[in-house]
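What follows is a set of notes on a single structure, which appears directly below.
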Amino acid sequence: MRMSHGIQLRAIAYDHPDAVKLNDEVQIEYQQRYGGEGDATFLDPAMFVPPQGLYLLAYDASGSAVASGGWRRQDRNDEGYADGDAELKRMYVIPQARGLGLARRMLAELEADARAAGRNRMVLETGDQQPEAIALYLSSGYAMSAKFGHYRFHDSSRCMAKALRP
């Protein structure tokens with residue numbers, strides 16, 4: 001699908017080399033913002049294979065990957081998820097492509113795909129050192145929620161949710 005600025009979104013495997021490169025970059029950003037290691041949440045590429053999930057990369061006109069994001073199916077478990085959840089993962093825009101609306105467009109596409117796959121709610125975990133992400137999600141209809149996932153016991157964790165169905 002085409003986007004402004006010559007950007008195109010493409011469904012890509014989570015272990016595709018372009019996805020791995022952007023994931024490495026987001027891990028460095030997490031390390032810089034939080035210290036220590038990056039995000040230790042276990043992610044298997046199979047989690048993002050439709051209809052269980054979807055992983056998208058945004059490519060610029062030169063063919064370079066400039067943003068990533070995905071969702072994976074979640075159902076009620078001991079980490080605090082609910083039946084019908086879709087969890088947003090690895091939303092990232094390279095610094096040079098920020099401010100173009102890529103994250104908002106990717107978020108809308110991921111929400112639409114999760115809704116089409118029968119998911120009821122999109123959930124995400126971010127952190128208190130990512131104010132831009134928190135602002136994006138709040139302005140996109142997300143609200144703070146009970147904590148879930150790998151970092152549910154961390155003070156810096158911020159969990160949010162948005163209904164995908166009326």
Show the atom names and distances, to 0.1 Å, of all donor-acceptor pairs under 3.5 Å that link a side chain in residues 89-97 to residues at least two apart or in another chain.
{"residue": "Arg90", "atom": "NE", "partner": "Asn23", "partner atom": "OD1", "Å": "2.6"}
{"residue": "Arg90", "atom": "NH1", "partner": "Asp39", "partner atom": "OD2", "Å": "2.8"}

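- Taking CD1 of Ile134 as the start and OG of Ser139 as the end, the distance is 12.0 Å to the nearest 0.5 Å.
- Contact check for Leu56 versus Arg10: no side-chain heavy atoms found under the 4.5 Å cut-off.
- Qualifying ring pair (Phe, Tyr, Trp, His ring centres under 6.0 Å) partners for His154, counting only residues two or more places apart in sequence or in other chains: Tyr151.
- Summarising the geometry, atom CG belonging to Asp128 is positioned 5.0 Å from atom OG belonging to Ser156; distances are rounded to the nearest 0.5 Å.
- For Tyr30 against Gln130, the heavy-atom pair with the smallest separation is CE2-NE2, 3.7 Å.
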side-chain hydrogen bond (donor to acceptor under 3.5 Å, both in side chains), that's the test. Do Arg121 and Ser145 meet it? Break it down for me. CA-CA 12 Å; Arg121 181 175 80 145; Ser145 70; 5.2 Å; no
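- Within the 4.5 Å cutoff, the side chain of Tyr55 has no heavy atoms near those of the Arg72 side chain.
- Atom CD of Glu125 sits about 5.0 Å away from atom SG of Cys159, to the nearest 0.5 Å.
- Using a 4.5 Å heavy-atom cutoff, the side chains of Met47 and Gln52 are not in contact.
- The distance from atom OG of Ser140 to atom CE of Met160, rounded to the nearest 0.5 Å, is 9.0 Å.
- For the pair Arg33 (side chain) and Gln129 (backbone), a donor-acceptor distance under 3.5 Å is present.
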Stepwise salt bridge (charged side-chain N to carboxylate O under 4.0 Å, His left out) check, Arg98 with Glu29: CA-CA 14 Å; Arg98 293 179 184 167; Glu29 187 154 331; 2.8 Å; yes
Could you list the donor-acceptor pairs under 3.5 angstrom formed between side-chain atoms of residues 11-22 and any protein atom two or more places apart in sequence or on another chain?
{"residue": "His16", "atom": "ND1", "partner": "Asp18", "partner atom": "N", "Å": "2.9"}
{"residue": "Asp18", "atom": "OD2", "partner": "Tyr59", "partner atom": "OH", "Å": "2.6"}
{"residue": "Lys21", "atom": "NZ", "partner": "Glu25", "partner atom": "OE2", "Å": "2.8"}

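- Residue Glu109 holds its CD atom at 6.0 Å from CG of Leu9, rounded to the nearest 0.5 Å.
- For residues 114-141, the ring-ring contact (aromatic ring centres under 6.0 Å, His included) pairs, not counting sequence neighbours, are Tyr137-Tyr142.
- The hydrophobic clustering, which links ILVMFWY residues whose side-chain heavy atoms are closer than 4.5 Å, places Leu57 and Val49 apart.
- At distances below 3.5 Å, not a single donor-acceptor pair connects side-chain atoms of Asp113 with backbone N or O atoms of Leu110.
- Between Met122 and Ala114, the shortest heavy-atom distance links the atoms CE-CB, 3.9 Å.
- Heavy-atom neighbours of Asp155 CG from other residues, nucleotides or ligands within 6.0 Å: at or below the threshold of 12.
- Cluster note: Tyr81 groups with Val123, Phe148 through ILVMFWY side-chain heavy atoms spaced under 4.5 Å, whether in direct contact or through intervening members.
- Residues Val26 and Phe42 share a single hydrophobic cluster, defined by chaining ILVMFWY side chains whose heavy atoms lie under 4.5 Å apart.
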Before you tell me yes or no, could you show the steps for Asp75 and Arg119 under salt bridge (charged side-chain N to carboxylate O under 4.0 Å, His left out), namely the whole-Å CA-CA distance, both residues' side-chain angles and the distance that decides it to 0.1 Å? CA-CA 10 Å; Asp75 286 303; Arg119 301 283 85 193; 3.3 Å; yes
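- Annotation: side chain of Ile7 is in contact with side chain of Asp60 (closest heavy-atom distance under 4.5 Å).
- A side-chain donor-acceptor contact under 3.5 Å links Arg165 to the backbone of Arg115.
- The CD atom of Glu111 sits 8.0 Å away from the CG atom of Leu88 when rounded to the nearest 0.5 Å.
- Partners of Arg76 under the side chain to side chain donor-acceptor pair (under 3.5 Å) rule, at least two apart in sequence or in another chain, do not exist in this structure.
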